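Since the structure comes first, as structure tokens, the remarks are kept for the end.
These numbers come from a predicted model, not from an experiment. Order of the sequence lines fixes the chain letters, A, B, ..., with proteins taken first and strands second; residue numbering starts at 1 for each chain.
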Amino acid sequence: MIKTRFAPSPTGYLHIGGLRTALFSWLWAKRNSGNFLLRIEDTDLARNSQEAVDAILKAFNWVGMSYDGEAIFQSKRFDLYQKYIDQLLKEGKAYKCYMSKDELSELRESQMARGERTRYDGRYRDFTGTPPEGVEPVIRIKAPQEGDIVFNDGIKGEITIASTEVDDFVIARADGTPTYNFVVAIDDALMGLTDVIRGDDHLYNTPKQIVVYEALGFKLPNFYHVAMINNEHGKKLSKRDGATDVMEYKTLGYLPEALLNFLVRLGWSHGDQEIFSIEEMIELFDPKDINKSSSNYNLDKLLWLNAHYIKNKPHIELAELLVDFGVDIRTHDKKDLILNATKERGKTLVELAEQINMILNAPVEYNAKNFKKAFKADTEEILSLFVELLKRAELNEVADYHKVIESVVEQREIGFGKIGQPLRVSLLGSMTGSGLDEIMAIVGRDEVLLRVQRALDYKRGI
RNA sequence: GGCCCCUUCGUCUAGCGGUUAGGAUCCAUGGUUUUCAUCCAUGUUACAGGAGUUCGAGUCUCCUAGGGGUCACCA
């Protein structure tokens, strides 16, 4: 059975890049009817927080991804890790290193000065003498000293790293707590993971983890290292480039299905297909189709996808979602009419809410320029006729409002724009927006009369 | 700096030795629409550069350049 995982360290919100690798892992597990597991990497007691764990869970919940079984917290497994540290010590595969931090940094500086890669020199690897006093030792693992560490990456192919690039790294700190690369390897193995899909910033951790796997006799999983997401200029994605927190997208009015669709196509593709429902993603996703190269983050497509999903969302759900954006039309008797009139005009829920508010609420003020442009010398007369006809008209459906406008156009022998423009400004305060017939049908006769009258009063007041 | 990875339209990508290098988005234009949006149509734009291998290279090899990653008692 395929088992994948997402293993965030709880130091902040869920990052957009993290969500993508989580999505890939989740899809691959689902595709194979396998398990998608969650592990919280909180070995650094000082840096992680419960809020961060909650934030990650909240984001998962928002996009509709769920993990199998219980989440595993590494901070609760120190006893387990200790067992393996003792084992390696006993087997002579790890050793105590009494080098002080000062000595270490001194070593690094001299290596740097010579233009070398900084690495531990193995001075306590075969140490048998009397340990220096006053130094709490760290535990280092014995990494191979010659040859190459080779592994097959499911995305990048065969990766070869010289053993000289991997030093005897620390697996337990002076205070006894285990370090990242050590516990990751143990947990990945113990959790029975078959496929590890992660960002390629972990590529260099892989040989280190392989050292642990081999020392402990664990079976290697398949590794997939997904290239990073950069900003639109190809540089590292940072907060300055816009939203990096997944939950920010909710606030900005994006639908989770749009975000997921956007992210799944960043680095992965299936022929020419652009739109993927969750079901299709699960059916079609395969890490072998993931791109080797990094991709640049650009909002254009997300916006387009979001518009697409808004247009196709059931009204009942849209109405529910809009509540968070200050528009509650859940029980409005013209809900469908409102949404039909507006949903093709809003690329985000924020914009959709604006469109709806524009119709539901009478304009507070008119744009002076627009007003002047729309209200010509004969406008007052035209609108007055419109008011007269509207008062007497039988209004049952959208088309009936259209008939009133048509009558005005016919009687006065004018173009639609002659009445359309000023009417629009009267109703919305704006020159653009939904169809007039629909707007009027939504607000109803009395409100239309009110708004037109108000505009006419305003006109006289100028 | 050492090591590793990457490089097709502005952006996301298809391509897996023989294609007029395809799709999507963006942008522009036209159509539909009383307006805007939607929708439809059309158009502009790409194989980083240079050497090889081959009858033939975006596809294979090497070099150069550019970009990214990584070098902790962080994860």
Side-chain angles (χ1 to χ4, degrees), chain A residues 7-11 41-44 46-48 74 97 99 101 104-105 108 111-112 114-120 136-140 153 155-157 159-162 164-167 169-181 183-184 199-207 225 227-228 230 232-236 262 265-275 291-305 307 311 341-347 351 355 374 402 405-406 409 415-421 423-425 428 430-437:
Chain A
S9 59
T11 53
E41 316 231 300
D42 52 355
T43 52
D44 185 354
R47 293 208 327 178
N48 47 63
Q74 292 186 321
C97 170
M99 200 171 179
K101 288 192 178 179
L104 236 190
S105 55
R108 270 202 269 272
Q111 284 169 334
M112 226 120 80
R114 289 196 298 271
E116 291 172 9
R117 169 189 170 78
T118 57
R119 63 196 303 278
Y120 174 67
E136 280 299 320
V138 298
I139 315 288
R140 290 182 181 272
D153 186 279
I155 294 169
K156 295 179 188 290
I159 305 286
T160 303
I161 298 194
T164 50
E165 292 294 314
V166 180
D167 62 4
F169 59 95
V170 173
I171 58 172
R173 304 180 181 93
D175 66 4
T177 57
T179 60
Y180 174 78
N181 282 117
V183 298
V184 166
D200 80 357
D201 49 339
H202 286 290
L203 195 69
Y204 246 75
N205 289 142
T206 308
H225 289 97
M228 302 278 92
N230 294 324
E232 46 190 333
H233 308 293
K235 302 288 184 189
K236 194 182 164 106
F262 171 71
R265 283 286 289 101
L266 224 48
W268 176 81
S269 62
H270 180 74
D272 286 338
Q273 189 169 344
E274 296 287 347
I275 308 280
N291 236 288
K292 287 178 169 186
S293 51
S294 57
S295 34
N296 290 2
Y297 184 82
N298 179 295
L299 242 45
D300 287 344
K301 211 156 206 168
L302 174 58
L303 226 36
W304 171 72
L305 282 166
K311 271 180 282 183
T342 53
K343 68 179 177 182
E344 288 184 348
R345 246 163 278 266
K347 287 187 192 299
E351 289 177 9
Q355 289 293 329
H402 189 71
I405 298 181
E406 248 178 2
V409 167
F416 260 102
K418 274 276 188 190
I419 175 169
Q421 301 268 46
L423 186 54
R424 175 175 304 283
V425 171
L428 300 180
S430 156
M431 293 279 271
T432 64
S434 302
L436 290 173
D437 312 333

Between A:H402 and A:F416, ring centroids under 6.0 Å: yes
Main-chain N/O of A:E165 paired to A:R119 side chain as donor or acceptor, under 3.5 Å: no
Can you see if the side chain of A:R108 gets near the phosphate of B:G2 - specifically, an N or O under 4.0 Å from OP1 or OP2? no
Spacing between A:Y180 atom OH and B:C71 atom C1', to the nearest angstrom: 15 Å
Side chain of A:N298, heavy atoms from C-beta onward: which of B:A24, B:G10, B:G68 has the nearest atom to it? B:G10
Please name the pair of heavy atoms, one in A:T118 and one in A:M112, separated by the smallest distance, quoted to 0.1 Å. CG2-SD, 3.6 Å
Rounding to an integer number of angstrom, what distance separates B:A21 and B:U44 when you compare their P atoms? 14 Å
Nearest whole Å is fine: how far is B:U11 C1' from A:N230 CG? 13 Å
Say you pick atom P in B:C71 and the same atom in B:C60; how far apart are they, in whole Å? 30 Å
Would you classify A:I159 as touching base, sugar-phosphate or nothing, given that sugar-phosphate means primed atoms plus P, OP1 and OP2, and contacts are heavy atoms under 4.0 Å? sugar-phosphate
C1'-based separation of B:U20 from B:C27 [nearest Å]: 24 Å
Any strand: nucleotide that pairs with B:A46 via Watson-Crick or wobble, under 3.5 Å: none
Under 4.0 Å, counting only non-hydrogen atoms across every strand here, what does A:T342 touch: a base, just sugar-phosphate, or nothing? nothing
Among B:U35, B:A14, B:U11, which nucleotide sits nearest the side chain of A:S269? B:A14
What residues form a side chain to side chain donor-acceptor pair (under 3.5 Å) with A:N48, not counting sequence neighbours? none
Just call it for A:R114: base, sugar-phosphate, or nothing, with non-hydrogen atoms closer than 4.0 Å on any strand. nothing
In Watson-Crick or G-U wobble terms, with both distances under 3.5 Å, the base opposite B:A65 is B:U7
Using a 4.0 Å heavy-atom cut-off, does A:V138 contact any base of the nucleic acid, only the sugar-phosphate backbone, or nothing at all? base
Please determine whether the number of non-hydrogen atoms from other residues, nucleotides or ligands lying under 6.0 Å from atom CD of A:E406 exceeds 12. yes
Using atom P in both nucleotides, what's the gap between B:G18 and B:C4 to the nearest angstrom? 31 Å
Please confirm whether the shortest side-chain N or O distance from A:K156 to OP1 or OP2 of B:C4 is below 4.0 Å. no
Choosing from B:C12, B:G68, B:A14, which nucleotide comes nearest the side chain of A:M228? B:G68
Polar side-chain atom of A:S434 near backbone of A:A341 as donor-acceptor pair, under 3.5 Å: yes
Going by the rule salt bridge (charged side-chain N to carboxylate O under 4.0 Å, His left out), which residues pair with A:E351 if we only count those two or more places apart in sequence or in a different chain? none
Under a 4.5 Å cut-off applied to non-hydrogen side-chain atoms, are A:D200 and A:I155 in contact? no
Under the rule for salt bridge (charged side-chain N to carboxylate O under 4.0 Å, His left out), what residues qualify as partners of A:R108, not counting sequence neighbours? none
Pick the C1' atom in B:C26 and in B:U11, then give their distance to the nearest Å. 8 Å
Does A:T43 make a side-chain N or O approach to OP1 or OP2 of B:A75 shorter than 4.0 Å? yes
Over all strands shown, is A:A227 touching base, sugar-phosphate only, or nothing at heavy-atom distances under 4.0 angstrom? nothing
Provide, to the nearest angstrom, the distance between the CG atom belonging to A:L302 and the C1' atom belonging to B:A24. 14 Å
Is A:N291 near enough to B:U7 that one of its side-chain N or O atoms lies under 4.0 angstrom from OP1 or OP2? no
Once you round it to whole Å, what is the distance between P of B:G1 and CD of A:Q111? 18 Å
Minimum-distance nucleotide (side-chain atoms of A:K101 versus B:C73, B:G67, B:U70): B:C73
Any strand is fair game: report the nucleotide pairing with B:A75 by Watson-Crick or G-U wobble, both distances under 3.5 Å, or none. none
Using a heavy-atom cut-off of 4.0 Å across all strands, would you classify A:D300 as base, sugar-phosphate, or nothing? base
Distance check, P atoms only: B:U53 and B:C62, in whole angstrom units. 15 Å
By nearest nucleotide on RNA chain B, pick out whichever of A:L436 and A:T118 is the more 5' one. A:L436
With sugar-phosphate taken as primed atoms, P, OP1 and OP2 and all else as base, the protein-contact string of nucleotides 36-45 of chain B at under 4.0 Å (heavy atoms; B, S, -) is BBSS------
To the nearest Å, how far apart are A:I155 CD1 and B:C5 P? 14 Å
Which residue lies toward the 5' end of RNA chain B, A:G267 or A:R117, if each is placed at its nearest nucleotide? A:R117
Atom CG of A:D44 and atom P of B:A72: how far apart are they, to the nearest Å? 16 Å
Less than 3.5 Å between a donor and an acceptor, one on the side chain of A:E274 and one on the base of B:G23, is that the case here? yes
Closest to the side chain of A:S293, out of B:C6, B:A72, B:G69, is B:C6
Out of B:G69, B:C3, B:U13, minimum distance to the side chain of A:D201 belongs to B:G69
Using the P atoms only, state how far B:U32 lies from B:A41, rounded to an integer number of Å. 15 Å
Within the structure shown, what part of the strands sits under 4.0 Å from A:R119 by heavy-atom distance: base, sugar-phosphate, or nothing? nothing
With heavy atoms under 4.0 Å as the rule, sort A:D167 into base, sugar-phosphate or nothing. nothing
Protein-nucleotide distance (A:K301, atom NZ; B:G23, atom P), rounded to Å: 13 Å
Under 4.0 angstrom, heavy atoms only, what part of the nucleic acid is A:N48 near: base, sugar-phosphate, or nothing? nothing
Just name whichever nucleotide pairs with B:G52, Watson-Crick or G-U, keeping both distances under 3.5 Å, else none. B:C60
Quick one: A:I275 CD1 to B:U25 C1', roughly how many Å, whole number? 11 Å
Go through B:C6, B:C4, B:G23 for me and flag the one nearest to the A:D272 side chain. B:G23
Using only atom types and a distance under 3.5 Å, with no angle test, would you say the side chain of A:D42 pairs donor to acceptor with the backbone of A:Q74? yes
Could you tell me which nucleotide pairs with B:G2 by Watson-Crick or G-U wobble geometry, both distances under 3.5 Å, or answer none if nothing does? B:U70
Closest nucleotide among B:G68, B:U35, B:C12 to the A:R265 side chain: B:C12
For atom P, what is the distance between B:U29 and B:C36, given to the nearest Å? 13 Å
Applying salt bridge (charged side-chain N to carboxylate O under 4.0 Å, His left out), can you list everything that pairs with A:E274, at least two apart in sequence or on another chain? A:R265, A:K301
Suppose we screen for salt bridge (charged side-chain N to carboxylate O under 4.0 Å, His left out). Which residues come up paired with A:D44, at least two apart in sequence or across chains? A:R47
